[in-house]
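Single-structure report; data block below.
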Amino acid sequence: MEREEVRRYVNEYCHLRDVQTAAYELYARRHGLTAKELFVLDIVWFAPDGCLQSDICERLSATKQTVSAIIKKFWKQGYISLTESETDRRNKIVRFTEAGMEYAGKIIPPAADAEIDAMAKLDGNDIAELVRTTTMFSDWMAKKFQEIKNDGSSGEK
């Protein structure tokens, strides 16, 4: 396929990604949150035994400072509790408090249902293909961005 044709597909894909991102951003704003804060709530919600702060960083591809600031905000609001990990005392286990469960319970389940309902509109084969090709594209994107040198060149077209 010619580079110009691929460029058109990249632009189309980026537009679709932006539509998805905007949906999360708008939903988060309706609840006085940023999308990253929404995603942290989502990760903790679906980890009933709690999750490590480092796992949240990895899942969101976010810095420790970013995730720490979000967790600190929710901790100050009484929504999150932090306990030391038995295996790594520097790493904290993040869990909802009772107030946090009530708070996030009004936000996360409707969002998760919306995601499921949207994907359920696709045929099972289309869902599998979407996940398969998005995984391949995401892996290639990460690889290609890592190959970019500090001067902006990649050494490959």
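The first residue of the sequence shown is numbered 1, and numbering continues consecutively from there.
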State, to 0.1 Å, how close [X] and [Y] come at their nearest heavy-atom pair, and which atoms those are.
| X | Y | answer |
| --- | --- | --- |
| Glu25 | Ala35 | OE2-CB, 3.4 Å |
| Gln53 | Asn91 | N-OD1, 3.6 Å |
| Asp126 | Leu122 | CB-CB, 4.2 Å |
| Tyr24 | Leu38 | O-CD2, 3.9 Å |

Quick one: list whatever passes side-chain contact (heavy atoms from CB on, under 4.5 Å) with [X], sequence neighbours left out.
| X | answer |
| --- | --- |
| Gln20 | none |
| Thr83 | Ile93, Arg95 |
| Met136 | Arg132 |

What distance do Lys106 atom NZ and His31 atom NE2 have between them, rounded to the nearest 0.5 Å?
10.5 Å
How far does CG of Asn11 sit from CZ of Arg8, to the nearest 0.5 angstrom?
9.5 Å
Whether Thr66 side chain and Ala62 backbone form a donor-acceptor pair below 3.5 Å
no
Salt bridge (charged side-chain N to carboxylate O under 4.0 Å, His left out) partners for Lys72, two or more places apart
none
Same cluster (ILVMFWY, side-chain, under 4.5 Å), [X] and [Y]:
| X | Y | value |
| --- | --- | --- |
| Ile107 | Ile116 | no |
| Trp140 | Tyr13 | no |
| Leu16 | Leu26 | no |
| Leu130 | Phe137 | no |
| Leu33 | Phe46 | yes |

Evaluate the criterion side chain to side chain contact (heavy atoms under 4.5 Å, CB included) for residue pair Leu52 and Lys92; output intermediate values, then yes/no.
CA-CA 6 Å; Leu52 295 175; Lys92 303 281 188 244; over 6 Å; no
Ionic contact status for Glu147 with Lys143, cut-off 4.0 Å:
yes
For [X], does the [atom1] atom have more than 12 heavy-atom neighbours from other residues, nucleotides or ligands under 6.0 Å away?
| X | atom1 | value |
| --- | --- | --- |
| Arg17 | CZ | yes |
| Glu58 | CD | no |
| Trp75 | CH2 | no |
| Glu5 | CD | yes |

Would a 4.5 Å heavy-atom cut-off, applied to side chains only, mark [X] and [Y] as touching?
| X | Y | answer |
| --- | --- | --- |
| Phe74 | Leu41 | yes |
| Val19 | Thr21 | no |
| Ile56 | Lys64 | no |
| Val131 | Thr135 | yes |

Side chain to side chain contact (heavy atoms under 4.5 Å, CB included) between Lys144 and Met141, intermediate numbers included:
CA-CA 5 Å; Lys144 291 299 179 182; Met141 282 286 293; over 6 Å; no
Where do Asn125 and Ile127 land on the side chain to side chain contact (heavy atoms under 4.5 Å, CB included) test, with the steps shown first?
CA-CA 5 Å; Asn125 291 330; Ile127 292 170; over 6 Å; no
Do any side-chain atoms of residues 97-104 form donor-acceptor pairs under 3.5 angstrom with protein atoms, and if so which ones, sequence neighbours left out?
| residue | atom | partner | partner atom | Å |
| --- | --- | --- | --- | --- |
| Thr97 | OG1 | Gly78 | O | 2.5 |
| Thr97 | OG1 | Tyr79 | O | 3.4 |
| Thr97 | OG1 | Ala99 | N | 3.4 |
| Thr97 | OG1 | Gly100 | N | 3.0 |

Check the pair Ile43, Leu60 against side chain to side chain contact (heavy atoms under 4.5 Å, CB included), reporting the backbone distance first and the verdict last.
CA-CA 9 Å; Ile43 292 167; Leu60 294 180; 3.8 Å; yes
With sequence neighbours left out, what residues match Phe96 under ring-ring contact (aromatic ring centres under 6.0 Å, His included)?
none
